[in-house]
Asks: 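Structure incoming, see below.
Since the model is a prediction, treat every value here as computed from it, not as a measurement. Order of the sequence lines sets the chain letters (A, B, ...), proteins ahead of strands, with each chain counted from 1.
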Amino acid sequence: MEESIFRSELMEWYQTSQRSLPWREAPNAYSCWLSEIILQQTRVAQGAPYYARFLETYPTVQDLADAPEEEVMRLWQGLGYYSRARNLHKCAKTVSHEMNNTFPSTYAGLQKLPGIGKYTAAAIASIVFNEAVPAVDGNMYRVFARYFGIQTDIASPKAFKEFFELGATIIDSGKPGDFNQAVMDLGATVCTPKKPLCDTCPLASGCHALAKGSQGDLPVKKKKIKVRERHLNYIVIRNGDKTFMRKREAGDVWQDLYDFHLIETEKPTDFDLLTDTVLESLIKTGASLADSSPTFKHVLSHQRLFARFYIIEAQGSGLDEILQNTGLKAYTDQEIESLAKPILIENYLKKYLDGRLLLA
DNA sequence: GAACCGTGGAT
DNA sequence: TATCCAAGGTT
């Protein structure tokens, strides 16, 4: 039977070919959960250093729950998708305060926690608690779509049901955690998106895509993202040895991270700048734009950002009044170092102002 | 159900 | 350079 061959060949391959990864050494609910959240939409190579730092800084879920949110966000800086960090902290507090520091032990129970969806719940439930639920992620879609020749658009929500049910019939119920990790390892190292290594694949003999030569067409994914262009004019307001920054709010990218006073324009910088009330008020006090940076190009998943930074030396008198209700607060260089900032801001501080604003 | 949310590496 | 996409989740 096709399904049993898939299972046995895959499990045998995993015994000799599994990757050696830090979170596989001594699996427990906390470390498994931590690794899964970090690895959402993130490559192993990028997430691994963060996993090590988080586990060292917060050895237990209670340590993470007791940490200040600002510290957690700062430790997450550079990983992206920052709602993961907020939910990570929220989840830790729930587990610590309402569950006696003990994670739920079931697929259903895990999904009730913030930041844990179907995939992550299945991964933890199978790896830590031996529950036989398939972990449907990008690797699983690819491996299964190719092997079984499934044409369903994986971007459509109904695809999940189809792959989940198929996975449930094939999963090794004796070692569900190994099975799920085997699918992921195969997808990551052999059945790769481009140029899959079919010559060395343990599932080659029964693979539909290999037989048809359709590896490049599977899985089917129709969704195309639209990329919006934005022009960001950052006003770096300085006063003595301090710089004004503000915490970004909900409704846009980089929620809860810190940046400078922002004037967004439809086009690259022009005299629209003068329509900004804060900037206008500052200039009235005698301050002037002292310096500007080259354009920084920064690419997000749905946006292309073009940013320029203008330094303005503000006067002490009247500053509080001008900046009230803007959310802007003054920070020393040392304080800025401890704030969570977008990579764009970090790049500006490091590469352009290095040795001038921040003492390296 | 579709859009949104980051960053970096590979091709 | 442009595109894809990586152990997804939330709204």
Asks: Below the 4.0 Å mark, does dG8(C) have OP1 or OP2 next to a side-chain nitrogen or oxygen of Gln41(A)?
Replies: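 Answer yes for this pair, as a side-chain N or O of Gln41(A) is under 4.0 Å from OP1 or OP2.
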Asks: Mapping Arg43(A) and Lys224(A) to their closest nucleotides on DNA chain B, which lands nearer the 5' end?
Replies: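 Its nearest nucleotide lies further toward 5', so the answer is Lys224(A).
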Asks: When the distance from CD of Gln46(A) to P of dA10(B) is rounded to whole Å, what number comes out?
Replies: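 One finds 12 Å between P of dA10(B) and CD of Gln46(A), rounded.
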Asks: Should the side chain of Ser301(A) and the base of dG6(B) be counted as holding a donor-acceptor pair, with the cut-off at 3.5 Å?
Replies: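 Per atom types, the contact qualifies.
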Asks: Among Phe163(A), Phe6(A), Phe164(A), which residue satisfies the ring pair (Phe, Tyr, Trp, His ring centres under 6.0 Å) criterion with Phe144(A)?
Replies: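 The single option meeting the ring pair (Phe, Tyr, Trp, His ring centres under 6.0 Å) with Phe144(A) is Phe6(A).
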Asks: Would you kindly compare Ile116(A) and Val44(A) by the position of their nearest DNA chain C nucleotide and give the one closer to the 5′ end?
Replies: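 Looking at DNA chain C, the more 5' nearest nucleotide goes with Val44(A).
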Asks: So what does Ala188(A) touch, heavy atoms closer than 4.0 Å: a base, only the sugar-phosphate, or nothing?
Replies: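 The answer is sugar-phosphate, as Ala188(A) gets under 4.0 Å only of primed atoms, P, OP1 or OP2.
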Asks: Tell me whether the rings of Tyr348(A) and Phe309(A) are parallel (<30°), tilted (30 to 60°) or perpendicular (>60°).
Replies: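 It falls in the parallel class, under 30°.
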Asks: Measure the distance from CZ on Phe160(A) to P on dG1(B) and round it to the nearest whole Å.
Replies: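 Rounded to the whole Å, the gap is 14 Å.
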Asks: Using a heavy-atom cut-off of 4.0 Å across all strands, would you classify Gln303(A) as base, sugar-phosphate, or nothing?
Replies: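 Touches sugar-phosphate only.
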Asks: Between Glu71(A) and Tyr58(A), is there a side-chain donor-acceptor contact under 3.5 Å, judged purely by atom types and distance?
Replies: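 Yes, because at least one side-chain N or O of Tyr58(A) sits under 3.5 Å from a partner of the opposite role on Glu71(A).
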Asks: Output the rounded distance in Å from CG (Leu39(A)) to P (dG8(C)).
Replies: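 Rounded to whole Å, this separation is 8 Å.
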Asks: What distance, rounded to whole Å, do you find between the two P atoms, one in dA3(B) and one in dA7(C)?
Replies: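 Those two atoms are separated by 24 Å.
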Asks: Please report the distance, rounded to the nearest Å, between CZ in Arg19(A) and C1' in dA6(C).
Replies: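 Rounding to the nearest Å, CZ of Arg19(A) and C1' of dA6(C) are 11 Å apart.
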Asks: DNA chain B: Ser156(A) or Tyr82(A), which has the more 5' nearest nucleotide?
Replies: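 Counting from the 5' end, the first nearest nucleotide belongs to Ser156(A).
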Asks: Pick the closest DNA chain C nucleotide for Asn139(A) and for Lys297(A) by heavy atoms, then say which residue is nearer the 5' end.
Replies: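 Its nearest nucleotide being more 5', the pick is Lys297(A).
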Asks: Is it the case that over 12 heavy atoms from other parts of the model lie below 6.0 angstrom from the CD atom of Glu12(A)?
Replies: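 At most 12 heavy atoms, drawn from other residues, nucleotides or ligands, come within 6.0 Å of this atom.
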Asks: Quick one: does any side-chain atom of Thr192(A) pair with a main-chain N or O of Thr189(A) as donor and acceptor, under 3.5 Å?
Replies: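 Such a contact is absent between Thr192(A) side chain and Thr189(A) backbone.
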Asks: Output the rounded distance in Å from CZ (Arg304(A)) to P (dT1(C)).
Replies: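 Answer to the nearest Å: 11 Å.
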Asks: In whole Å, I'd like the distance from the CG atom of Leu300(A) to the P atom of dG8(B).
Replies: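 Taking CG of Leu300(A) and P of dG8(B), I get 11 Å after rounding.
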Asks: Please check the phosphate of dA6(C) (OP1 and OP2 only) for any side-chain N or O of Tyr81(A) closer than 4.0 Å.
Replies: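 Checking Tyr81(A) against dA6(C): no side-chain N or O falls below 4.0 Å of OP1 or OP2.
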Asks: Can a side chain N or O of Thr42(A) be found less than 4.0 Å away from OP1 or OP2 on dA7(C)?
Replies: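 No, no such contact exists.
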Asks: Reckon Trp23(A) touches a base, only the sugar-phosphate, or nothing at all at heavy-atom distances under 4.0 Å?
Replies: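 If one applies the 4.0 Å heavy-atom cut-off, Trp23(A) turns out to touch a base.
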Asks: Nearest whole Å is fine: how far is dC4(B) P from Gln40(A) CD?
Replies: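 Whole-Å distance recorded here is 20 Å.
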Asks: If only side-chain N and O atoms of Arg84(A) are considered, is one of them under 4.0 Å from the OP1 or OP2 phosphate oxygen of dG6(B)?
Replies: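 No.
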Asks: Regarding Gly78(A), tell me which of base, sugar-phosphate or nothing describes its non-hydrogen contacts under 4.0 Å with the strands shown.
Replies: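 Sugar-phosphate, backbone atoms only, no base.
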Asks: Scan Lys226(A) against the nucleic acid and name what it touches under 4.0 Å (heavy atoms): base, sugar-phosphate only, or nothing.
Replies: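 It contacts nothing in the nucleic acid.
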Asks: Please measure how far the P atom in dT11(C) lies from the corresponding atom in dG6(B), and state the result in whole Å.
Replies: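 Each nucleotide's P atom is 14 Å from the other's.
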Asks: Side-chain N or O of Trp254(A) versus OP1/OP2 of dT7(B): is the shortest distance under 4.0 Å?
Replies: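 The answer is yes; a side-chain N or O of Trp254(A) sits under 4.0 Å from OP1 or OP2.
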Asks: Which part of the nucleic acid does Asp252(A) contact within heavy-atom distance under 4.0 Å: base, sugar-phosphate only, or nothing?
Replies: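 Touches sugar-phosphate only.
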Asks: Looking across every strand, which nucleic acid part, if any, lies under 4.0 Å from Ile124(A) by heavy atom: base, sugar-phosphate, or nothing?
Replies: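 Nothing: the residue Ile124(A), judged by heavy atoms under 4.0 Å, touches no strand.
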Asks: Determine whether the side chains of Thr285(A) and Gln315(A) contain a donor N or O and an acceptor N or O closer than 3.5 Å.
Replies: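 No.
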Asks: In whole Å, I'd like the distance from the CZ atom of Arg248(A) to the P atom of dG6(B).
Replies: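 So the CZ-P distance, Arg248(A) to dG6(B), works out to 9 Å.
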Asks: Any side-chain donor-acceptor pair under 3.5 Å between Tyr234(A) and Asp259(A)?
Replies: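 Per modelled atom types, Tyr234(A) and Asp259(A) side chains form a pair under 3.5 Å.
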Asks: May I ask you to verify if any side-chain N or O of His302(A) is less than 4.0 angstrom from the OP1 or OP2 atom of dG6(B)?
Replies: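 False: His302(A) side-chain N/O out of range (4.0 Å or more) of dG6(B) OP1/OP2.
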Asks: Could you check whether Leu79(A) gets within reach of a base, just the sugar-phosphate, or nothing at all, counting any heavy atom under 4.0 Å?
Replies: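 Leu79(A): base contact, heavy atoms under 4.0 Å.
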